[in-house]
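Just below is one structure, and these are the notes that go with it.
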Amino acid sequence: MNSIIEKLNDNLKLAYRQALDADQKLDQLQKDGHGKFQALFNEDAGFTFAAKRFKPYVLDVAADIEALSNAEELDEALLKTAVLKLQNLLALLATFKTQ
C-alpha cells in the first residue's frame with residue numbers, strides 16, 4: 001500500500017506545481033476579461049464542489065490521499081475516487097498547459 005501512496009503523492013506534487021502556474025494564467029485571463037466560467041470540472045469528474053481555480057481541487061485530492069495513508073486497511077472506494085480525481089486534474093492541467 002505504501003508504494004501506491006508514494007505514487008499518488010508524486011503525481012500530486014506534479015499537479016500542485018502545475019496548478020500554481022495554471023491559476024496564475026487563469027488570474028491573468030480573468031483580468032483581461034476572459035475566463036467566464038463557473039467551475040473547472042463538471043459533476044462527473046469526481047469532485048463534490050465547484051471552483052474556478054485548480055488549487056482547491058489539488059487540496060481535495062491531497063485530503064483523499066492523506067485519508068488513504070492514515071487508514072489501517074486500503075479503502076478501495078476512496079482509492080478509486082482519488083485516482084479518478086487525480087487523473088481528471090492532471091488531464092485538464094495538461095490540456096491547459098498546451099493552450
Common cluster, Phe49/Leu40, ILVMFWY with side-chain heavy-atom separation under 4.5 Å
yes
Those residues at least two apart in sequence (or on a different chain) that pass side chain to side chain contact (heavy atoms under 4.5 Å, CB included) with Asp32 are Gln28, His34
Identify the heavy atoms of Phe41 and Leu89 that sit nearest to each other, and give their distance.
CZ-CA, 3.7 Å
Nearest 0.5 Å please: distance from the CZ atom of Phe47 over to the CG atom of Asp64.
8.5 Å
Correct closest heavy-atom pair for Ala22 and Leu93 would be CB-CD2, 3.8 Å
Show which side-chain atoms of residues 73-84 pair as donor or acceptor with protein atoms under 3.5 Å away, not counting sequence neighbours.
from, atom 1, to, atom 2, distance (Å)
Asp75, OD1, Ala77, N, 3.2
Asp75, OD1, Leu78, N, 3.1
Thr81, OG1, Ala77, O, 3.0

Can you tell me which residue pairs pass the side-chain hydrogen bond (donor to acceptor under 3.5 Å, both in side chains) test with a partner in residues 46-62, sequence neighbours excluded?
Asp27-Arg53, Gln30-Arg53, Asp60-Lys85
Not counting sequence neighbours, which residues clear side-chain hydrogen bond (donor to acceptor under 3.5 Å, both in side chains) with Asn70? List them please.
none
With sequence neighbours excluded, residues passing side-chain hydrogen bond (donor to acceptor under 3.5 Å, both in side chains) with Asp44:
Asn42
Hey, could you give me each pair passing ring pair (Phe, Tyr, Trp, His ring centres under 6.0 Å) that has a residue in residues 71-91? Not counting sequence neighbours.
none
Using a 3.5 Å cut-off and no angle test, enumerate the donor-acceptor pairs between side-chain atoms of residues 6-21 and protein atoms at least two apart in sequence or in another chain.
from, atom 1, to, atom 2, distance (Å)
Asn9, ND2, Ile5, O, 3.3
Asn11, ND2, Lys7, O, 3.0

